Engineer: 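To start, I am sharing the structure in question, which I have written as structure tokens.
Just so you know, these numbers come straight off a predicted model, no measurement behind them. All ligand and atom numbering here is 1-based and tracks the order in the structure.
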Amino acid sequence: MKRNFTTLLYALISLVGYAQGQSTIKIEPGDSHEDIIEKAALVVPTANQYAYKKLEFTCFVHFGVNTFTRKEWGDGFEDPQVFNLQNLDTDQWCRTAKEAGMKLVMFTAKHHDGFVLWQSRYTKHGVMSSPFKDGKGDVLKELAASCEKYGLKLGVYLSPADLYQIESEKGLYGNLSEYTDRVIPRPVEGRPFKNKSTFKFNVDDYNEYFLNQLFELLTEYGPIHEVWFDGAHPKRKGNQKYNYLAWKKLIQTLAPNAVIFGKEDVRWCGNESGATRESEWDVVPFDQDPHHMNLFPDLHGDIGSREKLTNAKYLHYLPAETDTSIREGWFYRNEDEQKVRSADDVFDIYERSVGGNATFLLNIPPNREGKFSDEDVSVLKEVGKRIRETYDNDLLVGAKGETAILDANENTYVLGEEGKGTYVITLPQAITLNRFLLQEAIQTHGQRIEKHALDAWVNNKWQQVVEGTTIGYKRILRFPDVTTNKLRIRILEARSKPSLSNVSAHYYTARPPQLAISRNLKGEVTIAPKKSDFDWKTHGIDVNESTSKNLVIRYTTDGKIPNEKSPIFSDSFFLKSGEVKAKAFEKEQTGSLAEREFGLVKKDWIAKGTIANEKNSAEKAIDADVKTYWNSGNGAPELTIDLKETKTIRGFIYTPPLNFKEGLIEKGLIKVSKNGTAWKTVQTFDLGNLINDPTARKVRFVKKAKARYVQIISIRGAGGSSSASIAEIDILE
Ligand code: FUL
């Protein structure tokens, strides 16, 4: 009886839900696991979230004092004079973003250093005190105008962490000020607002400052479509709390179409390297009602499978955003050392993120000329071209089957049976495809499909081409070329009745694969196609088998770009130290450049340091395996390495552990010695954003040093950690 009643109730909820956009559903005491899964199938995005999902590909722009100081994280002590911007071409940013197929620009109006890039009334630490247009410039204003000109939406990143407000004498961050009723915006003489709304909140000084600035950003730069709250904090002070519920009230009133990142509208995907989940669920379990929550912890790993929903108190629609940078690091540093992702790489992330039910936010950091650099521009143009050539051309045009999924209309859909559905598509003539795109009717039915497969009619029988898990807003299946005149989609597992709204077939002209360069402990270098490019080959197909027999890999070790005359890589070779560059050549095509710098061979080195346990011993820092790491535990956070011979060294590469967040060396010191007793300090170093972006960091010495012994000492661990950890240390000759 209960079953029938609940079914009826859900049918009702579902009807009401569809009409109202039920993006959060409460779990009632007594709801069984089955009931929870049925409820999960009813959670739909809000209108703002749905519009946001449709943006698909968006542009992050990190710009500020760090662009000029060449640092990853500023410290709040920057003199505004360093922001010596002579030229600014926001039209070029927007033109490029548009050509790449991006739909929104997300701008760092204030990063963690606290320097503001608009004419704020509430601080002097920003463009108003810089040489840029004699203190009259407003980067956000110019960007907003360019966005309008190119038909792009605008988003603002306002960092809650604010080192200027932490470090400066009269800084407001964590100043222990009283919570009192305050009117937002606080009037400033001679600078009236056109927008006359006011708000009253019971907040402290820093929250008031933050709200005043949000008010400026949301009312004076045209419609804002996304507000980005970064969870990263280089430092905290005075137990400063954030009154997010007040911030939200302001945003929802002043920018009613905006989604809020890092809170209850959009979530961080969990990494900054462009990694994507195999199953990206939009319906996430919560212990409390997310609409009343102030703090939103980052979510990692599996977050939405049936198992994860078991103990939910609330089910909430919370889509993922995949953010990564086109360059190493988030801010522009230089042209020669800071590597830029290839078009192959960006296109691959595009297919995995947009085609994996996430929104792709790619960072393009403008240079000190106020422009996107040429290399970044050419990569973006190429990516845009590939997206258009591949996805603007639907090979199913003229095909017969369920009209609702072939009509490219997001409002029509087919509803399957409970947990399954099979759809056959017949083509007027044979096509060759290697991409298949599927979309669920998430607007009305939410995300339901858990497993699906694509079959092709080949040699008079159905053959499974590929199998996938979740779909959601969009899934792009990638597989080797298949030629057929009949396709079949099978929904194999779903929560409730699956509802597909759109499918299309595409052909991507394969390029030579991206390459990965590695070196073992003995110094032997291997160059091979990068595995991640061959995701689809995890379905039983071997990488090397599928790589064309015509593929030739050529490489150099002299810094030159490999060409048709460079040596062919056939077997591993020994490299004492230096840089390897490689390219794949296949028929007339040349692949993208792979490059990697190696330090001295570490085979004979000896490393010493205190340890927390045997698993994380000192030699793990020099074993040429980034998956293992040294951790000092409670002992001194320092590691001493005996290179076994005296060398002239010019820097080092620090690789932090990937999945261990203790002891990441944010500020450190390097000492050298010729005999192991008399030590000389070479220099200190500062590395930012290690917790969220635990990638290898290169530190060049200002002056070369002679050393047989090298000591790395941690002065400050990320997040206040007192130990030191190293996955790998490489010493550059
Ligand atoms: C991180 C920040 O610390 C980085 O600097 C960058 O802004 C990135 C998008 O988020 O957490």
Engineer: Under the 3.5 angstrom rule, does the side chain of Lys110 hit a backbone N or O of Ser159 as a donor-acceptor pair?
Structural biologist: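 Yes: the side chain of Lys110 pairs with the backbone of Ser159.
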Engineer: Could I get the full list of salt bridge (charged side-chain N to carboxylate O under 4.0 Å, His left out) partners for Lys141, not counting sequence neighbours?
Structural biologist: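 Not a single residue meets the salt bridge (charged side-chain N to carboxylate O under 4.0 Å, His left out) criterion with Lys141.
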Engineer: Output the set of protein residues with a heavy-atom contact under 4.0 Å to ligand 1, ordered first by chain identifier and then by residue number.
Structural biologist: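 Shell around ligand 1 (4.0 Å, heavy atoms): Phe60, His62, Trp73, His111, His112, Tyr157, Trp228, Asp230, Ala232, Glu272, Asp323, Trp330, Asn689, Asn692.
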Engineer: So, for Asn363 and Ser325, which heavy atoms are closest and what is the spacing to 0.1 Å?
Structural biologist: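 Smallest interatomic distance, heavy atoms only, reads ND2-OG, 3.0 Å.
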Engineer: Can you label the angle between the His62 ring and the Trp330 ring as parallel, tilted or perpendicular, going by 30° and 60°?
Structural biologist: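 Correct class here is tilted.
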Engineer: Looking at side-chain heavy atoms only, is the closest gap between Pro45 and Lys53 below 4.5 Å?
Structural biologist: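 No, every pair of side-chain atoms sits at 4.5 Å or beyond.
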Engineer: Angle between ring planes, Phe360 versus Tyr350, binned at 30° and 60°: parallel, tilted or perpendicular?
Structural biologist: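 Geometry flag for Tyr350 against Phe360: tilted rings.
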